[in-house]
Every structure is written in structure tokens, then in C-alpha cells.
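Structure record follows, encoded as C-alpha cells.
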Amino acid sequence: MFGGQDSKQHTVQPYVTGTSVIGLKCADGVVLGADTLVSYGSLAKNRKTSRLMTVSNHCSLGFSGEYSDFQEIKSTLEELMISEYCMADNIPMQPRAIHQYLARVMYEARNKQDPLYNQLVIGGVLPATGEGYLGLVDLLGTNYESEMIATGYGTYIALPLLRKAYRPDITVAEGRKVIEDCLRVLYYRDARSIDTVQISTVTKEGAETTEPFKLETSWDFKKFKAGSRLIDESTW
Amino acid sequence: MMDFGTPVLEPGSANGTKQVPQFNPYQDNGGTVASIAGDDYVIVAADTRFTLGYSIPTRKISRVLKINDKVMLGTAGMQADTCALHKVISTRMRMYEHDNNKRMTFNAVSQMLSTVLYYKRFFPYYTFNIVAGLDDKGEGWVCGYDAIGSFEQRKIVCNGAGTKLMQPVFDNQVDWAQSWDGAGKPNLSLEQATDLMKDAFTSAAEREITVGDTLQIYKITKDGIQLEEFELKKD
């Protein structure tokens with residue numbers, strides 16, 4: 001159970017990790033965002049690794065947590081999409097089905113005490129109506145749908161911003177801007193983040209993930225430059 | 001952010017003191033479910049707040065499963081286990097219907113849930129359930145469960161995070177327990193039960209941080225199931 005010659009190694013803590021993924025459901029689709037950093041503890045190990053993948057024409061996926069476990073999930077999903085294609089029935093797997101599939105895979109792994117150490121954010125569109133779909137699965141098999149989703153530090157920093165920005169009629173074009181702003185704020189305060197990011201948009205027209213691009217940042221805030229405690233302004 | 005679990009002592013290691021992190025497969029996602037049964041109705045209520053430590057990742061998840069138009073299941077505890085349990089119960093309910101060509105009765109469902117929970121006695125579902133429904137005569141009943149399948153049939157049950165705040169009030173207001181004048185009082189009507197449920201959850205939400213957001217109240221009568229949503233504290 002705890003290692004040794006005959007026993008199998010289980011993931012009990014993540015080593016090579018990605019930080020937050022965020023997502024926003026819009027009237028005409030979904031937007032996902034993530035930076036491209038993969039860390040090894042406090043070391044910025046790989047600065048340009050994609051943490052978003054396109055699953056199908058109308059579904060994207062982002063991960064935070066252990067990179068190797070995500071690679072395993074990614075190849076499982078790619079295999080699944082190929083066998084779906086081989087059905088040749090022209091009935092594509094819906095984002096909700098992909099979400100539920102991943103939830104079962106993750107829950108089964110946790111039942112074996114051998115979790116896939118990730119939080120996964122599934123963004124998609126229902127091809128018939130063009131309505132967005134946004135869901136989350138984590139290493140315990142927890143799964144839910146929501147209008148806005150964030151993982152890791154994003155739960156504290158991005159989720160309140162997303163909740164404030166959300167309207168039922170927000171468009172993907174507007175949502176993209178919100179996601180970019182959230183990634184910028186995360187970059188300012190999450191020490192395991194980077195200013196190179198990717199954004200994935202899913203609409204009826206298809207799923208599209210941008211090439212990694214640099215965020216425009218400004219460090220001119222007075223207290224960023226001076227430090228808030230340089231002069232103690234308190235009166236007691 | 002990441003939970004590395006509690007380090008445990010490795011028994012077989014060289015000095016017997018090597019610390020090994022272990023994976024904790026359980027998580028408490030909060031939530032409360034409650035049910036009041038009357039002579040010709042039963043109501044099932046659950047809040048929709050989903051918590052993870054001090055965070056609220058989402059404010060709208062369902063804790064309730066409709067089994068048929070006379071029986072419902074409500075579950076608090078860990079969301080992933082809740083989801084898995086509801087899938088198992090749904091599947092077995094459908095199998096029962098095909099095998100026996102009839103719907104599961106309240107008694108059948110309550111016994112099945114106990115069996116399903118105890119089946120996982122040594123790796124339990126971290127869930128706290130109530131089954132509410134109308135019996136053959138149309139009278140309302142509710143069963144309350146622990147995580148491994150012990151259950152009791154009563155007229156009022158609540159389970160989950162808000163239990164210790166709500167149960168004594170329900171005992172007093174529904175069963176007339178600890179009543180100062182010792183007199184039995186008439187049974188609650190559906191409207192009175194619904195109002196009591198709203199008050200109980202509103203009060204619990206004041207003091208228990210994992211209770212809040214929205215209260216879903218399902219009213220089961222001979223005419224079917226009706227859903228009423230009632231807003232709770234969001235902070």
C-alpha cells in the first residue's frame with residue numbers, strides 16, 4: 001500500500017501542476033481561459049504548455065492539477081472521440097455526456113484510492129439550440145453545472161468577478177473580455193501563474209482555442225510601486 | 001489549495017516513523033434535507049448551497065431525487081457520493097418496475113435504500129438520506145438514515161449540516177415533544193408544514209454557514225408532486 005516492490009504507486013499528491021482554469025457560460029456559447037504554465041512545486045517548469053484541449057467540434061476542456069494525470073485523461077478522451085466517429089451515425093457526443101463520462105472516470109479512480117489529481121472544466125454548446133454548457137469535475141468525482149466556474153485560486157479571486165460580470169444575455173465576445181480580465185487579476189496575485197494565456201470559445205460555429213498570447217499588464221498602481229506599508233499612515 | 005490528506009505513520013518502514021501522505025476520498029459538501037409528513041401529504045425540502053471548506057463553488061445544486069410521483073429521496077453530505085447513490089437508486093428503481101410491472105412503494109424504496117447503503121458498509125457512501133412518500137393508504141411518512149443504512153420511520157426527519165439546529169424545533173412543533181403544557185395538538189396542515197419548513201431553514205441559515213441560497217420544497221400529495229422555491233440567505 002505504501003510503495004515497495006510488489007505494490008503499485010498511487011498518486012497521493014500532485015507534483016507537476018497547472019493552476020486555475022476559469023469558464024463563463026454565455027447566451028451563444030461558452031468561454032474558457034487558462035494560463036500556459038506548468039509548475040513543479042515553486043519552479044516554473046514549462047511556460048508554454050497548453051492547459052486547454054478541444055474535445056470535439058462543440059466541446060472544450062481545461063484542467064488544473066497534475067499534468068501527467070491530465071495527459072492520461074486526454075488520450076482516453078481522444079480514443080473515445082475516435083470510437084464515437086467510427087459509429088458513423090452523425091450523432092455527436094453532447095458536452096453533457098462528455099462531462100458525465102469524465103465524472104464517472106474520476107469517481108471510479110477515487111473509489112480505487114488512486115485518484116486522477118485534476119479539476120476539469122468542460123465547456124460546450126448544445127448543437128441544436130446553440131445554448132452554452134459549462135461543468136466541472138474534480139478528483140473525487142464531484143460534478144456540477146454552473147453559469148460560471150473557477151478552480152484553484154480562481155475560486156477565491158476569479159469567481160466573484162465572474163459572478164459580478166454575468167448576465168443571462170452576455171455574449172461570447174463580451175465573455176472573452178471578462179475571462180481575459182480575470183486571468184489578468186489572477187496573474188497579479190497567484191504566484192503559480194504566468195502572463196501567457198489561452199482562451200477557448202465554443203459556439204455553434206465550432207470550438208476554437210487561441211494560440212498562447214501575452215496579457216497586457218500594468219504595474220503602475222501606486223501601492224504596487226510604493227508598497228502599502230512604506231509610510232505608516234495609521235493614527236494610533 | 002490542494003488537500004494532501006493527513007500524513008500517517010508507515011508501519012513497515014525502517015524506523016517506523018516515516019510520514020506518508022494519504023489520499024482522503026471523502027469530502028463534506030454541506031447541505032440539509034428535511035421532511036414533514038402529514039395525514040394526506042408529505043413535504044421534502046433541501047437547500048441548494050454547495051460548499052467546499054469556506055468556499056461556495058456554486059449556489060444551485062439539487063439534493064433531491066424524484067423516485068416516482070409518490071416517493072422522493074433527499075441526500076446531504078458528499079456531492080460525488082450523492083450523485084453515485086442517486087444513479088444506483090434510479091437504476092434499481094427502473095429494474096424493479098420492469099421486473100414487477102408496478103411502481104415501487106414507499107416501503108419498498110425505504111428498505112432498498114438501507115440495503116444499498118449497507119452494501120458499502122466498509123467503504124460507505126458519505127451521505128445522509130431521507131426517503132419521503134405516501135403509503136398505500138395515502139398517508140405521508142418519512143424515513144431517516146445514517147451513512148451505513150440504519151433507518152427509522154417517522155413523521156418528521158431532517159438530515160445533514162443543519163440537523164442539530166432544526167431537529168429539536170421540528171420535534172416540538174410537529175410531534176409536540178417537550179411541549180410545556182403536555183397537551184397533544186392537532187396535526188399540521190400542508191400550508192402550516194410548508195411555513196414551518198421555511199422558518200426552520202431560514203433560522204438554520206442564520207447560524208450554520210453551509211446552509212443557504214435557495215430552499216426547494218417538494219410537496220407530495222395524491223395529485224402529484226409540486227415544487228416551490230424559497231430564497232434563503234446568500235452570504
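Order of the sequence lines sets the chain letters (A, B, ...), proteins ahead of strands, with each chain counted from 1.
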Problem - Heavy-atom neighbours of B:Lys66 NZ exceed 12 at 6.0 Å - result: no
Problem - Atom pair CG (A:Asn143) and CZ (A:Arg104), whose distance is rounded to the nearest 0.5 Å - result: 6.0 Å
Problem - Value rounded to 0.5 Å, distance of CD1 in B:Ile225 from CG in B:Asn68 - result: 7.0 Å
Exercise for the section: Measure up the B:Tyr26 and B:Tyr126 rings against each other and bin them: parallel (under 30°), tilted (30 to 60°), perpendicular (over 60°). Expected result: tilted
Completion exercise
Okay, B:Phe50 and chain A: the region with an atom under 4.5 Å from a heavy atom over there is side chain
Problem - Residue A:Asp138 versus chain B: region with a heavy atom under 4.5 Å - result: side chain
Problem - Partner of A:Leu102 under side chain to side chain contact (heavy atoms under 4.5 Å, CB included), chosen from A:Thr76, A:Leu136, A:Leu120 - result: A:Leu120
Practice task
Measure distances from A:Glu147 to the heavy atoms of chain B and classify the residue's part below 4.5 Å as side chain, backbone, both or neither.
Solution key: neither
Handout entry: Per-residue contact mode, B:Ser55 against chain A (heavy atom under 4.5 angstrom)
Key = side chain
Problem - A:Leu140 portion near chain B, given a 4.5 angstrom heavy-atom threshold - result: both
Practice task
Could you tell me which portion of A:Glu108 (side chain, backbone, both or neither) has an atom closer than 4.5 angstrom to a non-hydrogen atom of chain B?
Solution key: neither
